[in-house]
J.: 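Okay, here's the structure, questions in a sec.
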Amino acid sequence: MKGGIVSRERTTLRPVDLARLVGVSTQQIRNYVDESVLPPTARTAAGYRVFHARHRQALLTYRTLAKGYGWDPAKAIMQAVHAGDLAEALTLVDTAHAALHEQRLSLRAAGTALEAVAEQNPDASALPRYDMRIGDAAAHLGVRTSALRVWEAVGLLSPARDPATRYRSYNATDIRDARMISMLRQGRYAFPQIQVILDGLRRTGSSDALRAAIAQRQAELTQRATAMLEGASHLHHYTTADHTP
């Protein structure tokens with residue numbers, strides 16, 4: 001009798017067991033089954049779902065994948081696996097790794113370009129007009145006028161105003177700063193990070209804050225790559241394991 005109980009505990013799990021394992025609700029576990037994040041479940045005569053070690057492994061695989069690939073890609077990967085389409089699952093994995101590689105290349109290129117911009121002395125002669133209005137500045141930089149207004153609203157830019165018309169007037173320093181802001185935003189830097197970079201550049205002429213921000217972003221990409229590697233390892237184990245209950 002005792003041996004039979006132990007055997008049952010080893011082969012079956014309750015929703016609450018899986019929920020406690022990762023800190024979610026039992027309803028979320030049921031949702032995972034309905035969404036094919038977890039494999040289908042059998043039911044008892046009373047209608048209760050029956051979970052096994054395979055569901056536990058699938059749950060841990062999904063949660064680990066999400067740390068590196070994101071929740072939506074992780075869900076799509078698991079759905080493809082449970083649909084029997086391993087090729088699609090691996091395509092999604094490859095796509096995520098390719099995107100990360102592109103981010104690394106973009107960061108490297110942006111870092112080089114930003115360093116060059118930061119080291120430039122603002123030169124009004126390089127501009128079509130010294131007192132560029134917002135439309136001219138936006139066209140010169142290749143951004144929307146709305147972006148320049150947002151950057152001003154959050155304190156990153158402070159162009160002068162014409163005393164008579166109150167039109168904004170962008171000088172060489174404003175254009176240099178706006179170009180840096182644009183490049184940093186493309187690199188997914190938040191406004192507070194950009195503010196630190198600009199403050200250091202304006203106060204001391206130093207690009208140390210810029211280098212620190214780029215190094216931080218590089219560290220974040222490395223951390224994500226490590227998490228993706230761990231997720232891929234879980235996925236490999238899950239797709240090659242014997243899932244006989």
Side-chain angles (χ1 to χ4, degrees), residues 68-73 92 94-225 228:
Y69 296 86
W71 292 106
D72 289 340
L92 293 169
D94 291 344
T95 298
H97 282 277
L100 181 64
H101 179 61
E102 287 300 320
Q103 289 182 38
R104 286 186 183 279
L105 294 179
S106 296
L107 180 63
R108 186 180 305 167
T112 300
L114 284 166
E115 283 279 4
V117 172
E119 292 172 1
Q120 289 177 354
N121 292 320
D123 181 6
S125 64
L127 302 179
R129 290 174 52 196
Y130 182 79
D131 54 343
M132 298 177 72
R133 292 184 179 178
I134 189 168
D136 299 323
H140 181 74
L141 294 164
V143 301
R144 296 177 182 271
T145 56
S146 58
L148 292 176
R149 292 190 179 96
V150 169
W151 300 342
E152 181 181 348
V154 298
L156 297 179
L157 290 176
S158 55
R161 295 270 187 164
D162 185 286
T165 64
R166 300 302 298 163
Y167 289 143
R168 295 172 177 83
S169 177
Y170 293 82
N171 61 26
T173 299
D174 296 325
I175 295 299
R176 179 203 64 183
D177 292 350
R179 182 174 287 112
M180 289 190 64
I181 294 168
S182 177
M183 296 177 71
L184 288 166
R185 289 298 289 165
Q186 291 176 35
R188 302 184 181 182
Y189 288 86
F191 289 142
Q193 292 176 297
I194 297 174
Q195 187 69 67
V196 172
I197 293 170
L198 292 177
D199 286 347
L201 186 62
R202 291 164 178 164
R203 185 177 61 254
T204 66
S206 172
S207 57
D208 289 345
L210 172 60
R211 296 188 184 95
I214 292 174
Q216 180 181 351
R217 180 62 177 157
Q218 289 173 334
E220 291 171 356
L221 292 181
T222 298
Q223 184 178 16
R224 185 184 171 200
M228 290 170 75

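From a predicted model like this one, the values you see are computed outputs, not experimental measurements.
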J.: Which atom pair, heavy atoms only, marks the closest approach of Tyr69 to Arg224?
T.: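 Taking Tyr69 first and Arg224 second, the nearest heavy atoms are O-NH2, 4.2 Å.
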J.: Please identify each residue that fulfils salt bridge (Lys or Arg N to Asp or Glu O under 4.0 Å) with Arg217, with sequence neighbours left out.
T.: Glu220
J.: Let me confirm one number: the CD1-CG distance from Ile194 to Leu157, rounded to the nearest 0.5 Å.
T.: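 Answer for the CD1-CG pair, Ile194 versus Leu157, is 10.0 Å.
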J.: What distance do Leu156 atom CG and Asp174 atom CG have between them, rounded to the nearest 0.5 Å?
T.: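 So the gap between those two atoms works out to 12.0 Å.
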J.: Which pair of non-hydrogen atoms, one from Ala138 and one from Arg144, has the smallest distance, and what is that distance?
T.: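 So the minimum-distance heavy-atom pair works out to CB-C, 4.0 Å.
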J.: With a 3.5 Å distance limit and no angle check, can you tell me whether Ser182 reaches the backbone of Ala178 through a side-chain donor-acceptor pair?
T.: no
J.: Checking side chain to side chain contact (heavy atoms under 4.5 Å, CB included) against Ile181, which of Leu141, Leu198, Ile197, Leu148 comes through?
T.: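 With Ile181 as partner, Leu141, Leu198, Ile197, Leu148 yield a single side chain to side chain contact (heavy atoms under 4.5 Å, CB included), made by Leu198.
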J.: Could you name each residue pair satisfying salt bridge (Lys or Arg N to Asp or Glu O under 4.0 Å) that touches residues 153-162, not counting sequence neighbours?
T.: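 Residue pairs with at least one partner in residues 153-162: Glu152-Arg161.
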J.: Working to the nearest 0.5 angstrom, can you tell me the gap between Arg179 CZ and His140 NE2?
T.: 4.5 Å
J.: Can you tell me how far apart CE (Met132) and CZ (Arg168) are? Round to the nearest 0.5 Å.
T.: 14.5 Å
J.: How would you list, by chain and number, every residue that makes a ring-ring contact (aromatic ring centres under 6.0 Å, His included) with His101, sequence neighbours excluded?
T.: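 His101 satisfies ring-ring contact (aromatic ring centres under 6.0 Å, His included) with no other residue.
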J.: Quick one: CD on Gln195 to CG on Asp199, what's the gap to the nearest 0.5 Å?
T.: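 Between atom CD of Gln195 and atom CG of Asp199 there are 4.5 Å.
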